[in-house]
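Each ligand, and each atom within it, is numbered from 1 in the order the structure gives.
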Amino acid sequence: MELGLKGKRALVVGASRGLGRGIAEGLAAEGCHVLLAARNVEKLGTIARDIRARCLVEAEAMELDLADPSSVDACCARALALGVDVLVNNSGGPPPSDALGVAADTWRRQFEIMVLGVISLTDRLVPPMRAQKWGRVLTIASSGVIQPIPTLGMSNTLRAGLVAWMKTLAGEVAADGVTVNVLLPGRIATERIAELDAAAAKRLGGDVDEISRQAASNIPMGRYGAVEEFASVAVFLASEKSSYVTGTMVRIDGGLVSSI
Ligand SMILES: NC(=O)c1ccc[n+]([C@@H]2O[C@H](COP(=O)([O-])OP(=O)(O)OC[C@H]3O[C@@H](n4cnc5c(N)ncnc54)[C@H](OP(=O)(O)O)[C@@H]3O)[C@@H](O)[C@H]2O)c1
């Protein structure tokens, strides 16, 4: 299927590893130029070189710290100068926490990274998409938005707020050919998930493989998802072929969330 992504340009946040990297590589494989953003610009540089060599598209590394408004400004300026058709919002996950007992400063800091940083970026990059009557905004959230995950209180809460903002935005820009959708990973095998499993093994005093096996047994498909399985849904939603899909959340979770 021709996805209509050739020659378009995407800004992918959190492209230095995991889901963001997988999406950037998936888009580039379809002929989309990519601007890769995250804090670790050295790692991004290596990924960009590899993408340029393999996919014959433009790939540029861009330092971005969502916690720093001046860094967000600089990233927006570069993205606006190049012209961005597809924005993939992503950030690091917050530390585990209960609902109770989180310090106000911790809430504020995580809000600035996960919500305000993403809103600021989107706020600046969507107007040119509207003007050209074509754009795609994708945001990586979590299955915890539908089925809150115990021990991830901050993630459940802040991501739900961001999803509400994205849904509001979707209605505002739909008539201009800009679609706004949210991706909900369940448990996709990235370094972050490996780190979380290792932390759980340490906390519970168990074996990390046993922890992973137990987590996978709670997923109807009986396994973690692969980054490529997640990225292929994102690439479709970024494409021309998804032109009538907006304001929605798509679960990529192997059936993990139990509600319809
Ligand atoms: N994998 C899953 O199954 C799963 C499930 C539910 C939710 N999620 C969420 O989906 C997102 C991506 O997941 P992942 O597994 O790919 O996570 P990951 O491996 O930790 O990747 C996070 C990416 O975000 C970047 N990042 C972190 N803090 C940043 C900041 N302040 N400014 C800019 N970039 C920043 C990181 O790069 P630098 O360190 O170089 O900045 C990295 O590229 C996370 O928020 C995660 O919590 C994932």
Is a donor from one side chain sitting under 3.5 angstrom from an acceptor on the other, for [X] and [Y]?
X    : Y    : value
D197 : S212 : yes
N89  : T139 : yes
S258 : Q147 : yes

Quick check on contacts: which atoms of ligand 1 are under 4.0 angstrom from a heavy atom of [X]?
X    : value
G18  : 16 (O)
L64  : 32 (N), 33 (C)
A38  : 34 (N), 37 (O), 38 (P), 40 (O), 41 (O)
I193 : 1 (N), 2 (C), 3 (O)
I188 : 1 (N), 2 (C), 3 (O)
D65  : 30 (C), 31 (N), 32 (N)
P185 : 4 (C), 5 (C), 6 (C), 7 (C), 8 (N), 48 (C)
R192 : 15 (O), 17 (O), 18 (P), 19 (O), 20 (O), 46 (C), 47 (O)

Distance from [atom] to nearest protein heavy atom, with residue and atom:
atom                    : answer
atom 26 (N) of ligand 1 : G92 N, 3.7 Å
atom 37 (O) of ligand 1 : S16 OG, 2.8 Å
atom 32 (N) of ligand 1 : L66 N, 2.9 Å
atom 19 (O) of ligand 1 : R17 NE, 2.8 Å
atom 9 (C) of ligand 1  : R159 NH2, 3.6 Å
atom 25 (C) of ligand 1 : G14 CA, 3.6 Å
atom 5 (C) of ligand 1  : G186 O, 3.2 Å
atom 29 (C) of ligand 1 : R39 NE, 3.5 Å

For this session: Check L44 against ligand 1 and report side chain, backbone, both or neither, counting heavy atoms closer than 4.0 Å.
Result: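 No part of L44 comes within reach of ligand 1.
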I'd like to know if the side chain of [X] and the backbone of [Y] have a donor-acceptor N/O pair within less than 3.5 Å.
X    : Y    : answer
N181 : T248 : yes
T106 : V102 : no
S143 : V257 : no
T190 : G18  : no
S97  : M154 : yes

For this session: Considering only Ile, Leu, Val, Met, Phe, Trp and Tyr, and joining two whenever side-chain heavy atoms are under 4.5 Å apart, list the other residues clustered with M221.
Result: I193, L196, I219, Y224, L256
For this session: Share the residues that join L152 in a hydrophobic cluster, the rule being Ile, Leu, Val, Met, Phe, Trp or Tyr side chains under 4.5 Å apart at the heavy-atom level.
Result: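 Traced through the cluster, L152 reaches I149.
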Best match, [options]: closest heavy atom to [atom]:
atom                    : options              : value
atom 12 (C) of ligand 1 : N40, N90, I140       : N90
atom 45 (O) of ligand 1 : A141, A194, S91      : S91
atom 16 (O) of ligand 1 : V12, L19, T190, I149 : L19

For this session: Report the residue from R136, Q132, H33 that forms a side chain to side chain donor-acceptor pair (under 3.5 Å) with D85.
Result: Q132
Exercise. Are more than 12 heavy atoms from other residues, nucleotides or ligands located less than 6.0 Å from atom CD of E191?
Worked result: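 For E191, atom CD is crowded (more than 12 foreign heavy atoms under 6.0 Å).
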Problem set entry | R109 atom CZ, over 12 foreign heavy atoms within 6.0 Å |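 No, CZ of R109 has 12 or fewer neighbouring heavy atoms, counting only those of other groups under 6.0 Å.
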Exercise. Which of these passes salt bridge (Lys or Arg N to Asp or Glu O under 4.0 Å) with E58: K8, R9, R49, R52?
Worked result: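 It is R9; the other options fail the test.
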Whether [X] lies under 4.0 Å from ligand 1, heavy atom:
X    : value
S155 : no
E112 : no
R187 : yes

